[in-house]
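Read the numbers this way: they start at 1 and go in the same order the structure lists the ligands and their atoms.
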Amino acid sequence: MENYKVKKLIGHEEIEQRVREVASEVNHDYAGKDPILAVVLKGGFVFAADLVRMLDVPFTIEFVGTSSYDGAVSSGDIRITKDLDISITDRHLLLVEDIVDTGLTLHVLCDLFEQRKPRSITIATMLLKDIERPFDLPLGYVGFGVPNKFVVGYGLDYNERYRGLPYIGYIESNTVGE
Ligand code: IMP
C-alpha cells in the first residue's frame, strides 16, 4: 500500500474544541428526550466516541452500516450492510456521521428511517463538504465545513488507511495513484 502525502486541514485541538461545542448543544437540545444515537459506520465511530464522552444526557447508542465507496470514487450505490438493532418508532434519532459529501448516504438512510416513524431525525456530522447537493437533509450539527477535497483522518479513510490520524487532512491530488 502506497503512502500518500496528507496535508493537515484541522488539528486535533481545534477538533476537540468543536466537538465540545457540539456536545453542549446536543446536551441542551436533547435534555429529557433520551435520544438514539445511530453511528454511521465505519467513519462516524471516532466522532461518536469523542461526542458521547462529552454528553451528560442519557442516550442509547446504535450502529448502522452503509457502503458505497471504493477508494476515492463514489459508485453512487448505497447498500445497508448493518441495520439498527432496535426500534426507533416514537424515539428521537440522531444520526452521527463523519462527513456529508454528496449527501446520498444520509438521504437514503433518512428515507429508510422515516418509514419507521421516529419522533424526529437529525444529523450530526463532523464535516460538511462545500458542494451543492440536491438533497434536503436535516443537518442539525456540523463540526466544520471542508473544501471539496478527499479528506482523511479522524475516522475517515482512503482504502482503509488514515482512520486513526488524530487530525483531519486531505490527500494531495498529485500523490494519489503514484
Ligand atoms: P456521501 O453519500 O457522498 O455523502 O458520502 C458518504 C460517505 O462517503 C461518508 O460517510 C464517507 O464514509 C465517504 N466519504 C465521502 N467523502 C469522503 C472523503 O473526502 N474522505 C473519506 N471518505 C469520504
Side-chain angles (χ1 to χ4, degrees), residues 1-12 14-15 18-19 22 26 36-52 61-84 93-115 121-178:
M1 166 72 62
E2 309 86 338
N3 266 320
Y4 303 113
K5 283 205 188 91
V6 178
K7 274 248 184 186
K8 195 189 274 192
L9 263 182
I10 308 165
H12 78 271
E14 213 181 326
I15 293 172
R18 186 68 191 118
V19 177
V22 170
V26 172
I36 296 173
L37 265 57
V39 184
V40 184
L41 298 171
K42 297 178 184 176
F45 80 105
V46 177
F47 174 38
D50 281 351
L51 183 67
V52 297
I61 198 92
E62 278 288 310
F63 299 93
V64 58
T66 64
S67 74
S68 73
Y69 274 57
D70 179 16
V73 183
S74 168
S75 70
D77 168 30
I78 308 297
R79 285 187 307 124
I80 308 293
T81 54
K82 194 222 166 291
D83 203 343
L84 303 175
L93 182 68
L94 182 61
L95 290 164
V96 183
E97 175 63 300
D98 54 358
I99 188 166
V100 177
D101 183 1
T102 65
L104 184 63
T105 305
L106 283 166
H107 174 68
V108 168
L109 284 179
C110 287
D111 261 10
L112 172 74
F113 293 150
E114 206 58 76
Q115 294 165 23
I121 300 185
T122 306
I123 294 164
T125 184
M126 188 61 198
L127 304 176
L128 180 66
K129 254 191 210 178
D130 185 18
I131 57 168
E132 297 239 344
R133 49 189 72 77
F135 310 112
D136 192 15
L137 298 170
L139 291 172
Y141 312 91
V142 174
F144 299 94
V146 286
N148 188 14
K149 293 177 182 295
F150 198 80
V151 292
V152 293
Y154 200 68
L156 290 140
D157 75 308
Y158 178 62
N159 284 337
E160 291 303 323
R161 295 293 177 272
Y162 309 111
R163 287 197 199 276
L165 289 180
Y167 58 88
I168 292 159
Y170 65 90
I171 298 196
E172 282 192 306
S173 54
N174 59 356
T175 65
V176 175
E178 262 177 14

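- Heavy-atom distances between V152 and ligand 1 stay at or above 4.0 Å for every pair.
- Set against the non-hydrogen atoms of E97, the atoms of ligand 1 under 4.0 Å away are 10 (O).
- Of all the atoms in ligand 1, the ones that sit under 4.0 Å from a non-hydrogen atom of K129 are 16 (N), 17 (C), 18 (C), 19 (O).
- The option with the heavy atom closest to atom 3 (O) of ligand 1, from among V108, V100, T102, is T102.
- The shortest N/O to N/O separation between V151 and ligand 1 falls below 3.5 Å.
- The side-chain heavy atoms of R133 and L128, taken from C-beta on, include a pair separated by under 4.5 Å.
- Heavy-atom separations between H107 and ligand 1 are all 4.0 Å or longer.
- At least one N or O atom of G103 sits closer than 3.5 Å to an N or O atom of ligand 1.
- Using a non-hydrogen distance threshold of 4.0 Å, K149 registers as a contact of ligand 1.
- Interface of D157 with ligand 1, defined as ligand atoms under 4.0 Å from a residue heavy atom, comprises 21 (C).
- Within the 3.5 Å criterion, the main-chain N or O of V142 finds a donor-acceptor partner in the side chain of R18.
- Between atom 11 (C) of ligand 1 and the options I99, N148, V40, the minimum heavy-atom separation is to I99.
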